[in-house]
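Naming convention: chains lettered A, B, ... in sequence-line order (proteins, then strands); numbering from 1 in each chain.
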Amino acid sequence: MANKIIQTVKGTREFYPEQMSLRNFIFDKVRAASHSFGYQEYDGPFIEAIDLYAAKSGEELVKKQSFTFEDRGGDLVTLRPELTPSLARMIAAKQNELTYPVRWWSFGPFWRYEQPQKGRSREFFQWNIDMLGVSSPEADAELIAVAATFLRSVGLSPELALIYVNNRRLMDSEFDALGISNEKRIEVSNLVDRRSKMEPAKWDAYAFEIGLSQPQLDGLKNILGNFDLWKKSEELTRLFSALEALGVKEYVKFDPNIMRGLLYYTGTVFEAFETSGSLKRAVLGGGRYDNLLADVGGQPVSGIGFAMGDVVMGIILQEKGLLPEFALTPAQVLVTLFDEKLSNESFKLVTELRNAGVNAMAFSEPVKLPKQFKFADKMKMKLALVLGPDEVEKSQVVIKNLVTGEQVQVAREALVQSVMELLKSI
RNA sequence: GAGCCUGUAGCUCAACGGCAGAGCGCUACACUGUGGCUGUAGAUGUUGAGGGUUCGAAACCCUUCAGGCUCCCCA
């Protein structure tokens, strides 16, 4: 290993064709789920002024967890760590000319300066999908249904992954009833978020530390253990009713422990977890926000959306064996080259195949056939064609089915037709 | 930003401070008109990088880079 080779930047990822297949597999499923609900694809800039995030995000976040640098003009720019602020600006800029509700989705690269570990890199792809301009529980249900549709489409059944739902307004009224003040809400949210990670005794101590009384802590535990709490919320009642009609009820469970750290969520919040693994991992999350446009100069618009990263999803699909076998090459057919004299015959033939819409490649040089067949085999191609002196003389071509090992000889004129039929049958 | 673990052939991993190895993969041949299977032969390393201790370092020490686990964070 020569030390002169420059390494990749920490936390970035190289996509060899195999990994690219996985990335595109996820992208394809994301697109299919988004499109099946009528969402339009969009994208924002990959580089933004840091101020765009400074407005809404915490200081630590912008300073410590973003890739920020000075451009040649002296402006501070950052590689986008999320899409929502860009979306908010884009909506605000055309607020009065858009047709509502806006249903938009995007899949693109993002960067966060974090400690890389399994399931978390500094460069990742993220699916963002939002509906803006409607604030009904039924709209919330639709986004959850999009998420469920995606999970189903990649083979993650409800036994493997579930979407847990809660509602900020419901929790707020419960906290009010316990006399937990507004100022303490954020700390209490953090407290709830951490419950699964902490030992009970330590968690209790932490609760007292942030100023909860014993009755408040007891009340909080009651709330967090009450999985029928949603019945008190009209929003959630309507949400679950809509989810049933949308055919995804089995994917969704109410869970009062779902808080989501984000300050800007105001109503429904949800998070999907892989449930069958040794540790539960969040695979996507989102919720309803009411006032995202204020910071970018727009009128208040309510929206609901979620985001899903490609890294964790890719790991889960691999671990669960849910990935199809990816083709190594898009070419299904290899046209062998017999010798230098006959090479052009093979090139003509492969061109005919391409013109007919068959992905095909000719071998690169007229080396001996075993080598060419070995290549076709390794690349997992379906058919290999042989065009040697015997065939040319008789105006025929040999087609070998590399999957079954069967071989047929067909007339040169009927070749394209035969290949297409054979491919269909494989 | 903090703590801990790891880094040896393309991959998975061995090697008490004393000759760097195995399996798989790879290449060639058996097989000058046909891949997979089988057999035979072969190639491959500054032991992540840099420095130190030692007669001698893959191993011990320091620095650094990368990966992993956890805390933090999760927009």
Please work out if [X] contacts a base, only the sugar-phosphate, or nothing of the nucleic acid, heavy-atom cut-off 4.0 Å.
X      : result
A:V367 : nothing
A:F338 : base
A:E391 : base
A:P116 : sugar-phosphate
A:Q115 : base
A:R194 : sugar-phosphate
A:G11  : sugar-phosphate
A:K400 : base

Quick test of your reading: applying side chain to side chain donor-acceptor pair (under 3.5 Å), list the pairs with at least one residue in residues 416-426 of chain A, sequence neighbours left out, ordered by first then second residue.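 For residues 416-426 of chain A: A:Q417-A:E421.
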
Should we count CZ of A:F37 as having more than 12 external heavy atoms under 6.0 Å?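 More than 12 within 6.0 Å, yes.
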
Go ahead and name the base partner of B:U64; Watson-Crick or wobble counts if both distances stay under 3.5 Å, otherwise write none.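 Pair assignment: B:U64 / B:G48.
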
Is it the case that [N] (base atoms only) and [X] (side chain only) share a donor and an acceptor within less than 3.5 Å, ignoring hydrogens and angles?
X      : N     : value
A:K378 : B:G35 : no
A:Q407 : B:U34 : yes
A:R120 : B:C74 : yes

